[in-house]
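Have a look at the structure below before the remarks.
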Amino acid sequence: WVSAVYQNELWPSRIRRSSFNQSCQAQSAHLSHTEQAQKLYNKFSRAMTQLDLDRPKRTPRGPSPQKTQATRRTIVAAAFEEFLEHGYARGTTASVAQRAGLSKVTLFRYFDSKDALFEAVIQTHIASAAVALQSSPMLEHESVGEYLLRTVGAAAEVIDSSGRSATARLVIAEGLEFPLLAQMYRRYVNDALLEHFSRLAQLAAERGELKAPELIQHPALLLAPLWMAMMNNTVIHPEVPMNAKTLFQLQVALLFKMP
């Protein structure tokens, strides 16, 4: 076996075959077969050890970026379902992992706590709508009121079916016990929308399109119909739901001059 390895040139280049053969031949006259075998084995072991040291180490391959993103989306979707069904306090990372078809060990490679999971849910399923509204450009010759009806009105139409109403209810219900939930929601959703509405109110005033100048100081007037619909439809009177889009349209008509 040692001879076969040697003949297949698994030795490092620095160990020359000729010197190795000469050394073995010189010693074979004075050594028994057992001693010769032991000597060969020792030389072989030292050479193979050096070969392992010289060989470049392979870096273990991790999952591809595409698979990593797909796994992350699966976990966030499972967390969204878990929190909407059981709330934040009763929702568990074990249940999220089970819904996602993963082990808890794998889940914690992506999110190190339940707080991190909820933050990802807010960013993915709730804040993404606010970001989309802020990045949507205003069309040429479009008034601020028309712009609001086209963008926010469309989002209001699916405010219940998208899970945004249920998430707002969750924040209201558990925000006192878990203040971090309210802080996340305010930072990613509420504050972002208020800033957006404030800029639009200022633009409308500059264009002469504003009926109620108070909107500049109180941009929450544009959030009010959305919150009223969400709270009514999830807590106050879900049996008689309010249409968030209709409420928003009526509020825009009261605040802006429409063409």
Notebook entry, point to check: Which heavy atom of G91 sits nearest a heavy atom of K114, and at what distance?
Noted result: O-NZ, 2.9 Å
Notebook entry, point to check: Cut-off 3.5 Å, side chains only: do D160 and S165 have a donor facing an acceptor?
Noted result: yes
Margin query: Using modelled atom types and a 3.5 Å cut-off, is there a donor and acceptor pairing between side-chain atoms of Q69 and backbone atoms of Q66?
Written below: no
Next item on the list: Please report the shortest heavy-atom distance between Y147 and L133, naming the atom on each side.
Entry: OH-O, 3.1 Å
Check: Is there a chain of hydrophobic side chains (I, L, V, M, F, W, Y, each step under 4.5 Å between heavy atoms) that links L250 to L255?
Finding: no
Checklist line | Non-hydrogen atoms of A120 and R72 that approach each other most closely | finding: CB-NH2, 4.1 Å
Note to self: What I'd like to find out is whether the side chain of R150 reaches to under 4.5 Å of the side chain of S136, using heavy atoms alone.
What the structure shows: yes
Next item on the list: Please check if V131 and V152 belong to a single hydrophobic cluster, counting links between Ile, Leu, Val, Met, Phe, Trp and Tyr side chain heavy atoms closer than 4.5 Å.
Entry: no
Next item on the list: Write down the atom of P219, the atom of S198, and the distance for their closest heavy-atom approach.
Entry: CB-N, 3.8 Å
Name every donor-acceptor pair, under 3.5 Å, that has one atom in a side chain of residues 97-104 and the other anywhere in the protein, sequence neighbours excluded.
from	atom 1	to	atom 2	distance (Å)
R99	NE	E82	OE1	2.7
R99	NH2	E82	OE1	3.3
R99	NH2	E85	OE1	2.5
S103	OG	T106	N	3.2
S103	OG	T106	OG1	3.1

Checklist line | Nearest non-hydrogen partners of Y110 and T68, listed with the distance | finding: CE2-O, 3.5 Å
Notebook entry, point to check: Would you say T234's side chain and M230's backbone share a donor-acceptor pair under 3.5 angstrom?
Noted result: yes
Margin query: With a 3.5 Å distance limit and no angle check, can you tell me whether T124 reaches the backbone of V121 through a side-chain donor-acceptor pair?
Written below: no
Notebook entry, point to check: Between S95 and T92, does any side-chain donor sit less than 3.5 Å from a side-chain acceptor?
Noted result: yes
Margin query: Can you tell whether the side chains of R199 and E195 come within less than 4.0 Å, N to carboxylate O?
Written below: yes
Notebook entry, point to check: Sequence neighbours excluded, which residues qualify as side chain to side chain donor-acceptor pair (under 3.5 Å) partners of Y88?
Noted result: D115
Check: Side chain of K211, backbone of A253: donor and acceptor closer than 3.5 Å?
Finding: yes
Check: N233 side chain to E239 main-chain N or O, any donor-acceptor pair under 3.5 Å?
Finding: no
Check: Should K257 and E209 count as an ion pair when the cut-off is N to O under 4.0 Å?
Finding: no
